[in-house]
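Take a look at the structure set out below.
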Amino acid sequence: MKYIDNLPSMDLMRSEKMMFAQLIIPVESAHRAISYLGELGLLQFRDLNDDKSPFQRTFVNQVKRCAEMSRKLRFFKDQIHKAGLMPSPHPVSQPDIELEELEIRLAEHEHELIEMNGNSEKLQQTYNELLEFKMVLQKAGDFLVPGESHSEETELDENVYTNNDYSDTVSLLEQEMQPGPSNQSGVKFISGIICKSKVLRFERMLFRATRGNMLFNQAPAGDRILDRASNEMVQKTVFVVFFSGEQARKKILKICEAFGANCYPIPEDTTKRRQITREVLSRLSELETTLDAGLHHRDAALTSIGFQLTKWMNMVRREKAIYDTLNMLNFDVTKKCLVGEGWCPVFAKTKIQEALQRATFDSNSQMGIIFHVMDSVEPPPTYFRTNHFTNAYQEIVDAYGVAKYQEANPAVYTIVTFPFLFAVMFGDWGHGICLLLGALILIAREKRLGSQKLGSFMEMLFGGRYVLLMMSLFSIYCGLIYNEFFSVPFHIFGTSAYKCRDATCSDARSVGLVKYRDTYPFGVDPSWRGSRSELPFLNSLKMKMSILFGVAQMNLGIVLSYFNARYFSSSLDIKYQFVPQMIFLNSLFGFQGRAYGILGTSDIYNDEEPDSARHPHESHNEEFNFSEVFVHQMIHSIEFVLGAVSNTASYLRLWALSLAHSELSTVFYEKVLLLAWGYDNFIIRLVGLAVFSFATAFILLMMETLSAFLHALRLHWVEFQNKFYSGDGYKFRPFSFASLTDDDD
Amino acid sequence: MYGFEALTFNIHGGYLEAIVRGYRSGLLTAADYNNLCQCETLDDIKMHLSATEYGSYLQNEPSPLHTTTIVEKCTLKLVDEYKHMLAQATEPLSTFLEYITYGHMIDNVVLIVTGTLHERDVQELLEKCHPLGMFDSIATLAVAQNMRELYRLVLVDTPLAPYFSECITSEDLDDMNIEIMRNTLYKAYLEDFYRFCKTLGGATAEIMSDLLAFEADRRAVNITINSIGTELTRDDRRKLYSNFGLLYPYGHEELAVCEDIDQVRAAMEKYPPYQSIFSKLSYGESQMLDKAFYEEEVKRLCLAFEQQFHYGVFFAYMRLREQEIRNLMWISECVAQNQKSRVHDSVVFIF
């Protein structure tokens, strides 16, 4: 026992020792102190103002200002994105600016941008109108010039145009629409342009409104035009409606307005039309240059913002986080200090004190920040210091439940047992090498992939890259033992110990092989493939192996419960839980005949002593309830007894999955690849190869990996962890700038 | 197959029912309302809402907020959710969902027609329309001069067309007959919706007929109260009541002859479910009646969520959200106009 206590402590075995600390911070240094703590990221603040709504808290105005600033920044980002520029990810190093200054600058930039947008929008609108007018002139003109008879045209009365003064087209566009009368018969027309999607309904409406007394002509406009309402480029259609009567004109104009159709008057006279077209074209080109200049100006402004944007966003995000944290603090009675409480790991104490001292010094405060340790009723949070490699394994365990404070952490063993159990089911060194290559690619690109946003699937793969690495290494190892390379056995470790009875080898399947030399040195003998001894041997090997692994792992679990009990110094748990469990489990497999007797005793042991204080840290403030503990212990012992059998049976999945994997790859190899190779036809071989590689990649490498992964996961979560792991803790979430992400706002 | 919806409902409706129940859990709670009622400025309201599901809709609004902006953005959220559900729905759920919007369509038609009558700008009117009740040619309503034209030009293309058969006249439009048109349309709509729900059968029919009957009865009471002292004859009034509901037919006979609010009350108190509503009011009072009805409606709508495998939840959710938006509008208005003492007058807590 002494020996165990003197062992050096494992980092990951127990979560970090935590302490509950109180901070008393003078108001003048509060902001700086919190910001230093945020950089350190080792203190989890407790919300002392839980009962207050967000806008009743002290620093609500600052939070609002930060929200307003981040709104502006989002606006800039949006504008930059719309302009097709990229905000530069690596900000140019510029002198740090104060938040107040930033606020002013942001307001200036926003004002400037909005003004520029307003100007260019006006210009754009005029430009659009002219463009539409041009199209109407071009297309609608064709309707007015009937192909065969020009007689009508000659009858046209020039005088009717006198009210249409085309000297200034823009002012004309703003005038009330003027329908141009067509000829003396009283037929007038209105021309304009409308979204292509609305044409049908528009025509139907016109037909109904005029009771069919109209003629509707349409032609698609050539280019796409910006639609004012939706701000998208849309196809439009030019139309000309011929009608008669004043009533109809009013109605048609109203309908045009309702459908968002823009009406443009055009003269019937060809020469006049040409003249206007020329004017419109010249104005268009003028406007185009103005627009381009405006756009250029705006892009320049946006680019200059873009250089700073990422930095500003980070800054605002940090400020907001600081004020949100400050809002969790309380004022003390004198109103001169802020009081905060929170959890931090014991090892971080000096670092935190250092940061606080620095804050006091940097803000020239007269008073130091008081940091002292307090007692807390709440259980402390769980914090494991993980690295790149161990993180994924810790995540696997945490997905089941976060460890109780300081209880034995299964992740330590999971690092080896998880990939190993996976490999038992996935033993094929060919497939293992494929996985290894994938894992190595992910690891080699770690830096690049880590900094960019990945899709959910890739992110999962990337997060588990070290799990994948270990899984592939172990499956190469297990594959060598099973002697399978894409299900093909190889003579790697010397020659086989067996040979056929005769030259034809015809009775290998029925009678068997003859041993003629020493046993094959490592793994399964390659000659057994397809022989009589293959399946009986492999089945027996894998089945026994699974049970042994299972019992070993479950024993490990029970041993861990012993360590837990020792750690929390509850001798009752050792005597009446660990010992009977150990005896029961091992006797069940050691001496099956005596299992019944022990089963009785272990039950009695468990039931007799229900008052084992299983939670020494909490027990003193929890009321002891005999019946509850009794029922709990009884359930626990029944569960264990039943579980011992069913969990062991559950480990048989190792055998089943491993068999399935090897059979499946054999089928793909023999029935697809070899079959295709039997033909002396290039195409059939190619098809066979393609089918084989697709089946290998998708079924064996993806589906089988997933299924073996899930089964290994289950074995750890259920069969292993239920022996000792309570997993009802909560994670340590320190206030840290590093954990602030884009999604926060 | 009444009682056997559980077998087949989830094939088509399961996903959307889960979605709508998820949406429902995003409704503001009494705690939220308490916090909202304590707000001092509209910015406070925005800040509080930013912690709710409305957050992403309001976060990009620049700071001097207006009540209309808040209401507009909240409505936008409802519309987005509705469109999402409609896009996912299959028959007959999609038809059911469309039925929910017809009420807004009627309101929009009336709004535009009344507006053009008073020579308002069409674009301005369009902005005031409820986005759920929009249809393609709604702006063209301004062209119409009388009911017949209204029908022939525009409404014949909309789902409202069959409801119009009752009120096609060649009379010119005026305030009075527009109001009658609204109620006639609404009557036809409710009856049609009721019939439709009956054909769906099962729990949907059961729950929806309850909810629609309540709606019909509430309209009947409102019509009665609003028409007291106008030139509407008893027979005309009688014609505007929907032909189903708890009050049909005998309650309608009584309501049709009522001359003042106390007579309405006497007629209504014969019906136990409505007795509790009227018992909250003092005699001669009708201002608080709306709120009392809303509270009763919210209670009934919440109950619709207690049962599974029916379409009533969609109707209930839309109605509850609309009530929530009304609440937000009222709170924002009170805050904006410094009338915080009146905040509780019209807010109906949902949970």
Side-chain angles (χ1 to χ4, degrees), chain A residues 51-57 60-79 106-107 110-111 114 195 197-198 200-211 228-229 247-261 320 324 327 743-745, chain B residues 28-29 31-52 55-65 112 115-116 119 121-127 134-145 148-158 335:
Chain A
D51 49 336
K52 287 188 188 164
S53 58
F55 52 87
Q56 288 169 328
R57 300 188 177 208
V60 56
N61 283 327
Q62 282 86 337
V63 173
K64 266 191 213 164
R65 270 169 54 196
C66 289
E68 178 68 15
M69 275 192 273
S70 54
R71 183 191 65 75
K72 282 176 187 150
L73 287 170
R74 275 197 303 273
F75 172 68
F76 296 151
K77 198 177 174 185
D78 190 46
Q79 289 290 319
L106 288 183
E110 191 194 22
H111 186 72
I114 289 178
C195 280
S197 53
K198 290 183 186 169
L200 258 179
R201 269 182 287 124
F202 183 59
E203 189 179 352
R204 189 159 61 212
M205 189 60 64
L206 287 174
F207 185 86
R208 279 188 200 142
T210 56
R211 293 168 190 266
R228 253 178 269 157
Q247 276 294 325
R249 187 181 83 93
K250 269 188 196 159
K251 268 186 191 168
I252 291 176
L253 279 179
K254 263 190 178 171
I255 291 173
C256 286
E257 191 190 355
F259 274 86
K320 186 161 181 293
D324 278 339
N327 271 335
D743 317 322
D744 279 355
D745 48 0
Chain B
L28 299 179
T29 59
D32 287 319
Y33 284 117
N34 280 335
N35 279 329
L36 283 172
C37 292
Q38 289 165 10
C39 288
E40 296 290 338
T41 63
L42 290 181
D43 276 335
D44 286 346
I45 291 185
K46 175 186 162 188
M47 189 166 170
H48 186 86
L49 289 180
S50 69
T52 65
S56 55
Y57 285 85
L58 282 169
Q59 67 172 3
N60 283 342
E61 290 308 307
S63 212
L65 274 175
I112 299 267
T116 25
E119 287 169 2
D121 181 37
V122 182
Q123 289 304 323
E124 191 185 312
L125 291 169
L126 282 178
E127 277 167 25
M134 288 303 228
F135 47 93
D136 291 330
S137 42
I138 188 162
T140 339
L141 286 171
V143 181
Q145 297 295 319
R148 191 177 293 279
E149 270 193 350
L150 202 62
Y151 175 73
R152 206 174 50 79
L153 279 182
V154 190
L155 294 174
V156 69
D157 281 340
T158 68
V335 169

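To find a chain, count down the sequence lines: A is the first, B the second, and so on, and within it residues start at 1.
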Between A/Glu68 and A/Arg71, does any side-chain N to carboxylate O distance fall below 4.0 Å?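 A/Arg71 and A/Glu68: salt-bridged.
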
A/Lys198 side chain vs A/Phe259 backbone, donor-acceptor pair below 3.5 Å: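 Confirmed, A/Lys198 side chain pairs with A/Phe259 backbone.
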
| said: Quick one: does any side-chain atom of A/Lys320 pair with a main-chain N or O of A/Ser70 as donor and acceptor, under 3.5 Å? | reply: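 No: the side chain of A/Lys320 does not pair with the backbone of A/Ser70.
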
Check: In terms of heavy-atom pairs under 4.5 Å with chain B, which of A/Lys250, A/Glu110, A/Arg204 leads?
Finding: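 The residue among A/Lys250, A/Glu110, A/Arg204 with the greatest pair count is A/Arg204.
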
#### Entry: Working for side chain to side chain contact (heavy atoms under 4.5 Å, CB included), residues A/Arg57 and A/Val63
CA-CA 10 Å; A/Arg57 300 188 177 208; A/Val63 173; over 6 Å; no

Does A/Gln79 have any side chain to side chain contact (heavy atoms under 4.5 Å, CB included) partners at least two apart in sequence or in another chain, and if so, which?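 With neighbours one apart ignored, the set is A/Phe75, A/Leu113, A/Asn117, A/Arg298, A/Leu302.
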
Residues 34-42 of chain B: residues contacting chain A (heavy atom under 4.5 Å, by number):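 Interface residues of residues 34-42 of chain B: B/Asn35, B/Gln38, B/Cys39, B/Thr41.
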
CD (B/Glu124) with more than 12 external heavy atoms under 6.0 Å:
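Enclosed: over 12 neighbouring heavy atoms sit under 6.0 Å from CD of B/Glu124.
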
Q) Looking at side-chain heavy atoms only, is the closest gap between A/Lys251 and A/Thr210 below 4.5 Å? A)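 No; the side chains remain at least 4.5 Å from each other.
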
>> Does any backbone or side-chain atom of A/Arg211 lie under 4.5 Å from a heavy atom of chain B? Answer side chain, backbone, both or neither.
In response: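 A/Arg211 touches chain B through side-chain heavy atoms alone.
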
